[in-house]
Each structure stands twice: as C-alpha cells, then as structure tokens.
Amino acid sequence: MGSETSKEPVKEVTSATRPQFTAPVYKSANIAALIILAALIALVYLNSVTGLVDISFVSKDAAGSAPRLAVDRLITRAIGSGPVANHVVNIIVHFMTAFMVFLLTFRILTVRLFTGAYRDSANKVALLCALIFAVHPAALFSVTHIANRPALLSSLFYFTAAAAFVAYRAAHNEDEEKRSLVICVVSAVLAVICSESAITLLPLLFVLDAVFFENPPPILWKKLAFFAIATAVIAGFFIIFSRELYGEPFIALIKGVGQNTDYGVIARLLTQSRVALIYLSIVLFPMPGRLSVEYDIIASSSVAAPAPIIAMAVIIGLLITAFIRRKKNPLVSCMILWYFITLLSGAAFLPLEPAYLHRLYVPAFAPFFALAYFAAAGHTKAKSMGSGGAPYGRLAVMLITAVTLLLSVVTVKQNAAFRDKLTVWRDAYKTAPEKEIVLYSLATAHLEDGQIKRAEEIYKTTLEKYGDHLLANYGIANVYSAMNRYALAEKHYKQAVAIDDEFAPAHEKLSWMYMRVKRYDLAIAELERVIELSPGSYLTINDLGNMYYNRGDQKTALKFYLKAAEIAPDVPQLHYNAARMYDALQDYRNALKEYETVLELDYNFEYKEEVEQKIKELVQKY
C-alpha cells in the first residue's frame, strides 16, 4: 500500500486547494475489517445474550419524556422486551460503531497532511484501534447494560458523523463532498436526538477541521464562529425545552446542583477533574476489580486539596501540550482534545452521578487511537530494520495479540456480572460498599431472589448508616409486607412518604397493603395521591377502579375503568373491566360493546371463553 500511494504526485496545498486522501479506502481492507470485527465481537459478547435486560431502580427523578428514552421505547416496541433480542441489537450496534471507528481512524491517517509512517500504517492502526475498541471491557457498560442503549445509539451516529465530516473535508469531487456532508448532518442530528450529550460533536468537528486541514486564519475564525453559534443554538433548545425533556426547567436543574451537599457546583467541577483521570486509568488498566456499574466517588470540596489540584494541573498541562504540539504532532493534539471534549456532558453540570463507565464509550477512542498507532508504528519500524528488526516485529505482534486476548477475557468475565440483578449489585458492592443506592439495590435484589432475611439485614444496615433514607425505608417496608408484618410495613411506608410525599411508589404500595387488610378508604386515599402525582397513569386509575369495586361501589368503579380505557384504549383488560361493570349494572348495550372491543383488540385474550359466552348471552338479551 505504501509504495502504491507514494507514486502519487505531491501537490502544493493552498487555501484554494481542497485536501484529499493520499490513499484510497480499499474495499478489500474494509471487508477484512468487517469480518474480523464481527467474529471477535460475536465471541466476546456471546455469553451476554441471555443476561439481564435492565437494572433500573425506582426513582421519581426519571425523565420519561426525554428524546433518548422515546427512541429506546420505539426500539423496545419493535423487538419486544426479551433479553436475547435486546442484547443482539446492542451487539449489532456495537459492531457498527467499531467499524465506524475503523473508518474514522483510517480517514484521519490518510488525509494529505500525513505521509510516510502515518500513511503506511493507516490500515494496521485503523484495524487495531477498532479491535481494541470492540473488545475493551469499558465498552460493555454501554453494550451489555441495556439501560444505556440510547447512549450507545448516539455513539454510533457520533462516530459516523465524525468519519463523514473527515470524508467531506477530504473529498476529491463534488458528489463525494455532498454525499459525505449529508451523512454528517443527518448522523449529527440523530446523535443529539438519542442523547443530548452529543452536542459536544460540534466543537469536536471544529477541532478535526482545524487540526487536520488547511485553514487560513480568517477562515478558521469564521468556522469557529459558525460552530460556536450552532452549539449555542442546540444548547439553547435543550435549555428552553428543559421542562418537556426532563420534567424540570433548566434553572431548577442547575439549582439542584448547588443544593446537593456532596456535589455543589465547585465541588462537582473539582470532582469531575479527578474522574476524568480515573477514567483514563481504567482505559489503560481495565482490571475486573476496577469495573462496576457504581463508584463511590468522594467529593472534592476544596480547591486547596491535593488530589483535585493535581488532576486539574495534569488536565491543563495536557491541553497546553495539545495547543503547543498542534503543528508538529497533530494526532497527539487531536486525541487529547477528543478525550476531554467528549467527556463534557451533563454529568459535569447537572445533578447526576459523577462516574458511570458508559460515559467512557466515545472518549476512550482517543487513548485507543494513540495505543494502536504507537504499537503499529513500532512494528513498522522493526520491519524497516530488515532481518535485524524481525525479532522486535514478532515481539510487537505477540504483545498486540496478547493485549487483545487479555482485554477479551476480561470483557467475557465481566459480562457474567450482568447475569441477573443479584450478581450485578454484588459486583457493584465490591467498588462501592458504602454507597446508599448500592446497598438498597443489593437488598432489593436479595428480596426479589426470595432471600427475605438477607434483604432485611441489608436494609437495616442502610438505615443505621444513613438514618431517614427514602429508598431503604421503602425497601424494608416491602420486606415486611412480604412477611405479612403489616404494622411494620405501614410504619416504614409512612416514613418514606414523610421523607418525600412525592415518592409515588410508596403511596402505591401503601394502598395495596391497606387493600389486603380491607381498609379500602385508606387504600383509595393513597391511590388518589398517586394519581395526583402521575395523572396519566392508566394502571393506577384502573387500580383505583378495583378499590371501589372491592368496596362494593360499582358505579364509581366503572367511572375509573372508563377513564383508564380512555387514556389507553388499546389495552383489552381495561375494556374487560368496564364490560363487567356495565353487565353488573344491567347496561347490556354498553357491556356488549365493551366485550366485543376486548376480542377486537386481542382475539386470544386471557378470558376469551368467558368473553365469548358473555357476548352470546348479551346478544340474546339485547
């Protein structure tokens, strides 16, 4: 490949000259990369396909209307909720993303700016970078953990947009230029729709443009202005429509940071500086004991503390290096900027957990690129030494193979941690044994696994450590409810409600506990509170109808059944409930109509024989 491309005439690059690829993207290389990546990813993620689909826990702060969740709901509706289908979809998306990493790396190394070793090693570096990306255990928190699928999809479009942008800037004809630009814009829009953190794509594209392509000063500043304005417009959209997207106005979200005693605004910025370097250390040394869904990050609250000062000094030093070396070593500069730009997300400013490994999926490309390039460059240099360099070349190949295999083994092993909820939270307990949510989730997993006593012990430990803990009170109330110790269950449900009266799950569980002991008035009052908090919940409205039915008030029960059916007209159970109430109230015309609707919606309805018999009887009566 090197000798073939070296014969091309070298043209002088001017401001009027469009940068071009110095080597074509060989189809044979692409096909080989596709086959290798597909085979390796299939082997590494094979043991994850029957694993856990979701490890979400109850939270009143979940943003149900955010675009990323809407996209995920569309996919789930299309493929169902089975574990195999969901995991296969994620693995396919990961494979496509790894191939986009291959294309992006190759295209960067074959722009006119690079010659010699860069150009000669382009295929090897691109494939090695994609392989490391494909098998690195940090990626499994986006791939195996189904709850992170919106971010995974966003990452696919993110890399596609970046690769298309480089192709656009290096296009050698107008058709290729237009095609690449369209792919870039469409992919960028899809990336932002799937996850708003993809807004970092705009400043990143500017960096790619400024570092790898010829830009006279006036043009560079004009482009900077364009990217800055575009980024501001997109950010403004999320700020203006924050209430619709996240359930709260943007100001309330920002205030939430300041009100968080552990992570105020300054503390969060200091802490995130440390987390950026922790992430980097995990990329370089991804040992199983360092990989988890949860981390207990201690907040850095003082600018005088050594840890955050060292972290910030390292980050500033790297950024200065990127600026100083932008001409002599553009690859190093670009990868430093890639890492820190792509780490900038809502986690740095909004009241989110400071560290989750799925946020490392896109930033990790930078160190992977650097590792792949230096490894491939070393191998190429060894080959150039002739027979004297042969041992070094073989050693380089062996090291590359060993590292890839080691990363694959760690990923396969870590995939097993997502087998079920209990395994997930046992694994998380190793890295965050004192964290409240880990203790609560571990106890809940024990409860769901039938280990009631063990769950009770952990909930009690959590309450002893953290006092009035919302989720621990809610969890131990569930334990006592399962043990039929209703007095203790009521006490802790009420305690949870006292801590946060807007925590709907506690009101809902309290209502069901009251129903068990036939205290229907109290049960109804709790469900009415749930409906106040979630007025569009047809399941809760249906439950309220059940409460009135159990109390003997059929007319009121019918009213709530009909209201639930109005919100969710495609749910046959709601029409079935309404039909039974109409029948009991001797309104046979409407009863017949509702029974017929049940079979229209689901001909194999659970109570099909009963419904068919009722329809026959009502046809005779009516």
Side-chain angles (χ1 to χ4, degrees), residues 18-19 21 25 27 30 33-34 37 66-79 89-90 92-108 111 126 130 133 142 148-210 212-213 223-224 226-238 240-241 245 338 341-342 344-346 361-363 365:
R18 179 186 294 114
F21 286 123
V25 180
K27 290 183 178 180
N30 290 350
L34 279 168
L37 287 173
R68 61 186 183 276
L69 299 182
V71 171
D72 196 39
R73 281 195 293 270
L74 288 174
I75 295 174
T76 303
R77 185 179 299 176
I79 66 174
V89 166
N90 272 28
I92 291 172
V93 173
H94 180 53
F95 159 68
M96 295 168 66
T97 308
F99 185 66
M100 285 300 112
V101 167
F102 169 82
L103 286 182
L104 174 60
T105 307
F106 185 86
R107 284 173 173 169
I108 286 175
V111 297
F133 180 88
S142 296
N148 291 326
R149 181 158 53 208
L152 180 65
L153 287 166
S154 179
S155 301
L156 168 61
F157 296 125
Y158 199 102
F159 280 108
T160 303
F165 180 80
V166 176
Y168 156 70
R169 288 291 282 115
H172 56 273
N173 60 62
E174 290 187 2
D175 288 340
E176 184 180 345
E177 187 179 70
K178 290 177 182 178
R179 183 171 61 252
S180 299
L181 182 59
V182 169
I183 294 173
C184 176
V185 171
V186 172
S187 299
V189 171
L190 290 173
V192 174
I193 288 175
C194 291
S195 176
E196 60 278 6
S197 63
I199 192 176
T200 59
L201 181 60
L202 284 169
L204 183 67
L205 294 183
F206 171 76
V207 168
L208 291 173
D209 183 83
F212 296 126
F213 298 97
K223 287 182 176 180
L224 177 59
F226 168 77
F227 282 108
I229 292 170
T231 303
V233 168
I234 297 175
F237 170 82
F238 285 105
I240 294 170
F241 295 100
L245 296 173
W338 176 292
I341 288 174
T342 54
L344 286 174
S345 67
Y361 192 67
V362 174
F365 166 71

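Note that the numbering runs from 1 along the sequence shown for the chain. For clarity, every value in this text was computed on a predicted model and none was experimentally measured.
Inter-residue side-chain proximity for Thr105 and Phe365 is flagged as met; some heavy-atom pair is nearer than 4.5 Å. The shortest side-chain heavy-atom distance between Phe133 and Thr97 falls under the 4.5 Å cut-off.
Cys194 approaches Leu153 most closely through the heavy-atom pair SG-CB, 3.9 Å.
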Identify all side-chain donor-acceptor contacts of residues 201-208 below 3.5 Å with residues at least two apart in sequence or on another chain.
none

May I have the list of side-chain donor-acceptor pairs in residues 181-192 shorter than 3.5 Å, sequence neighbours left out?
residue : atom : partner : partner atom : Å
Ser187  : OG   : Ile183  : O            : 2.8

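Within the model, atoms OG of Ser180 and CZ of Phe165 stand 11.0 Å from one another, a figure rounded to the nearest 0.5 Å. With rounding to the nearest 0.5 Å, the separation of CZ in Arg179 from CD in Glu174 is 12.5 Å. Within the model, atoms CG of Leu152 and CE of Met96 stand 10.5 Å from one another, a figure rounded to the nearest 0.5 Å. Between the NE2 atom of His94 and the OG atom of Ser155 there is a distance of 10.5 Å, given to the nearest 0.5 Å.
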- Give the intermediate values and the outcome of side chain to side chain contact (heavy atoms under 4.5 Å, CB included) for residues Val111 and Arg169. CA-CA 9 Å; Val111 297; Arg169 288 291 282 115; over 6 Å; no
Query - Phe95/Leu34 under side chain to side chain contact (heavy atoms under 4.5 Å, CB included): CA gap, chis, key distance, verdict - result: CA-CA 9 Å; Phe95 159 68; Leu34 279 168; 3.4 Å; yes
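Between the side chain of Arg107 and the backbone N or O of Ala163 there is at least one donor-acceptor pair closer than 3.5 Å.
Using cut-offs of 30° and 60° for the angle between ring planes, the Phe99 and Phe102 rings count as parallel.
Here the two rings, on Tyr361 and Tyr158, have centers that are 6.0 Å apart or farther. Aromatic ring centroids of Trp338 and Phe212 lie 6.0 Å or more apart.
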